[in-house]
Amino acid sequence: MPAIVVSGDGKGDFGGKVTFHVIICAIVAATGGLMFGYDIGISGGVTSMDDFLEKFFPEVFEKKHHAVENNYCKFDNQFLQLFTSSLYLAALVASFAASKICSKYGRKITMQLASVLFLIGVLLNALAPNLALLIVGRILLGIGIGFANQAAPLFLSEIAPVKYRGALNILFQLNVTIGILAANIINYFVADIHPHGWRIALGTAGIPALILCLGSFLITETPTSLIERQRLTEGMNTLKKIRGIDNVDAEYQELVRASEMARQVKHPFRNLIKRKSRPQLVIAIAMQVFQQFTGINAIMFYAPVLFQTVGFKNDASLMSSAIVGGINVASTVVSVVLVDKLGRKPLLLEACIQMFITQTAIGYILMEHLKTTGDLPKSNAVWVVVLVCLYVMSFAWSWGPLGWLIPSETFPLETRTAGYSFAVSSNMLFTFLIAQAFLSMLCTMRAVVFFFFAAWVFVMCLFVVFLLPETKNIPIDEMMDRVWKKHWFWKRFMDDDDDKRASKVEMAMGH
Ligand code: BGC
């Protein structure tokens with residue numbers, strides 16, 4: 001018999017409130033998302049600024065100002081794309097190191113390291129005299145982001161009471177979107193400051209990192225991480241503090257059980273390759289890969305470039321991307337409110353439909369009306385902006401936040417940080433690939449690039465219907481028994497190993 005430890009009320013609720021302390025912890029940890037988002041939003045604007053292009057990418061500058069130019073290809077330059085995407089390669093590698101630090105030393109210290117590395121990167125970027133230092137700065141930013149994206153979502157999922165786990169975790173994504181919006185607005189205002197506007201834009205990234213760095217002194221480590229590292233009394237006290245109640249026995253026992261199981265696993269990465277880890281691993285990687293194949297970053301990085309392509313002038317295009325940024329934030333709030341009520345799957349499915357329709361429509365308008373040279377007629381250009389907004393809206397309440405939430409809540413403790421690092425690195429890898437490829441894809445595939453992403457959205461829809469289990473309101477450490485062992489497809493991957501280990505732990509704990 002599997003040893004099932006059922007949560008407090010047997011339905012997944014251990015009790016406990018959203019205390020002031022949890023709110024502070026959540027706000028601070030979520031600023032990791034601000035750093036990430038600011039960076040996503042700033043690149044597109046900076047790479048469309050003339051001063052920046054003239055200094056670092058003179059060829060692109062020349063091409064951009066060439067009288068008659070191919071609409072779809074004017075920004076296609078591998079080095080320019082490398083500026084945007086180098087950060088993601090660094091983050092990819094860093095997330096594996098971050099996973100080790102996260103398990104061994106805790107989530108909090110990983111976030112502190114993230115903010116410090118990021119700050120150094122910001123300094124290098126803002127003061128960069130040449131392309132080499134600019135890229136070194138971006139690599140440091142990337143390492144900071146790899147660390148923060150590994151630790152912050154896990155931290156949020158672990159401190160949250162189960163009923164509010166979705167909402168609290170999505171604070172991370174909400175901050176990502178606020179970061180993107182802030183970057184869009186700053187881009188808009190500094191575009192006219194010559195010749196160093198871009199330095200202000202890149203330097204302002206230091207603000208969220210400073211908030212995270214200073215704020216991290218106010219937060220506690222997660223009880224899960226303390227218990228995992230055998231600091232049991234501290235773990236128990238922290239649990240009482242963040243839940244605001246004295247009786248936390250049920251949740252505490254559950255965490256101790258999970259950590260005992262985890263301690264029997266000496267090599268989490270090796271364990272991840274085992275058959276019974278496959279469901280969580282596949283889901284975590286797929287959520288992130290699919291998130292990127294929505295094509296969102298084609299919009300996020302290159303919105304100003306894209307809007308210039310369809311005929312807006314520099315200012316108008318930066319303004320339109322700021323509007324897109326605002327819609328991104330507002331729609332993420334919708335997700336915070338709905339995710340623990342409606343569940344994860346309905347949000348993802350609705351979004352697939354909305355994204356499919358809008359992408360196909362954008363592709364159609366560009367194909368019909370945007371010729372190789374000349375602008376898109378004004379009314380069509382406005383339609384493109386409206387459709388982009390509707391598209392971003394649906395991404396923002398679904399694949400955006402859930403791409404981070406679902407992988408953070410599906411792994412058992414013994415493979416959690418290792419497994420999650422695969423989610424983070426898949427995100428970074430595919431963000432890199434799309435950032436690197438999009439301008440070239442636009443140049444060669446032209447409007448068809450939007451149909452390409454729409455086709456992926458269709459595949460994602462099938463994936464959600466058939467393979468993604470619903471994880472709403474299930475305590476993280478009960479996922480194994482209540483989700484994976486019951487799923488029509490994934491249950492075949494669950495063997496008895498786990499049950500044997502669980503019974504041993506139960507016996508050792510005297511149950
Ligand atoms: C994604 C980013 C994306 C952002 C947009 C995040 O969840 O990981 O790649 O740019 O959402 O809001």
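Both counts, for ligands and for their atoms, begin at 1 and track the order of listing.
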Checklist entry - Does the pair Asp477/Arg416 count as a salt bridge with the N-to-O cut at 4.0 Å? => result yes

Checklist entry - Which atoms from ligand 1 have a heavy atom of Ile180 less than 4.0 Å away? => result 5 (C), 12 (O)

Checklist entry - Does some non-hydrogen atom of Trp404 fall short of 4.0 Å from ligand 1? => result yes

Item to check | Proximal atoms of ligand 1 relative to Phe395 (non-hydrogen, under 4.0 Å) | outcome: 5 (C), 11 (O)

Checklist entry - With a 4.0 Å cut-off on heavy atoms, does Gln292 reach ligand 1? => result yes

Give every donor-acceptor pair under 3.5 Å between a side-chain atom in residues 132-149 and any protein atom, sequence neighbours left out.
unit_1, atom_1, unit_2, atom_2, d
Arg138, NE, Phe83, O, 2.5
Arg138, NH1, Asp39, OD1, 3.1
Arg138, NH2, Asp39, OD1, 3.4
Arg138, NH2, Thr84, O, 2.9

Item to check | Glu158 bridged to Arg165 by N-O distance under 4.0 Å | outcome: no

Checklist entry - In the protein, what heavy atom is nearest to atom 12 (O) of ligand 1, and what distance, to one decimal place, separates them? => result Asn328 ND2, 3.0 Å

Donor-acceptor pairs under 3.5 Å, side chain of residues 324-336 to any protein atom, not counting sequence neighbours: which ones?
unit_1, atom_1, unit_2, atom_2, d
Ser331, OG, Ile327, O, 2.7
Thr332, OG1, Asn328, O, 2.7
Ser335, OG, Trp397, O, 3.4

Next on the checklist: Nearest 0.5 Å, please: how far is CD in Gln150 from CZ in Phe422?
Outcome noted: 11.0 Å

Checklist entry - For atom 2 (C) of ligand 1, which of Ile40, Ile178, Asp39 has the closest heavy atom? => result Ile40

Checklist entry - Looking only at heavy atoms, which two atoms of Met287 and Leu402 are closest? And how far apart? => result CE-O, 3.8 Å

Next on the checklist: Looking only at distances, can you tell me whether any N or O atom of Asn297, backbone or side chain, sits closer than 3.5 Å to an N or O atom of ligand 1?
Outcome noted: yes

Item to check | Any N or O of Gln173 closer than 3.5 Å to N or O of ligand 1 | outcome: yes

Checklist outcome for this item: The reported gap from CZ in Phe118 to CG in Leu87 (rounded to nearest 0.5 angstrom) is 7.5 Å

Checklist entry - Closer than 4.0 angstrom: is that true for some heavy atom of Gly400 and an atom of ligand 1? => result yes

Checklist entry - Is the shortest N/O to N/O distance between Gln291 and ligand 1 below 3.5 Å? => result yes

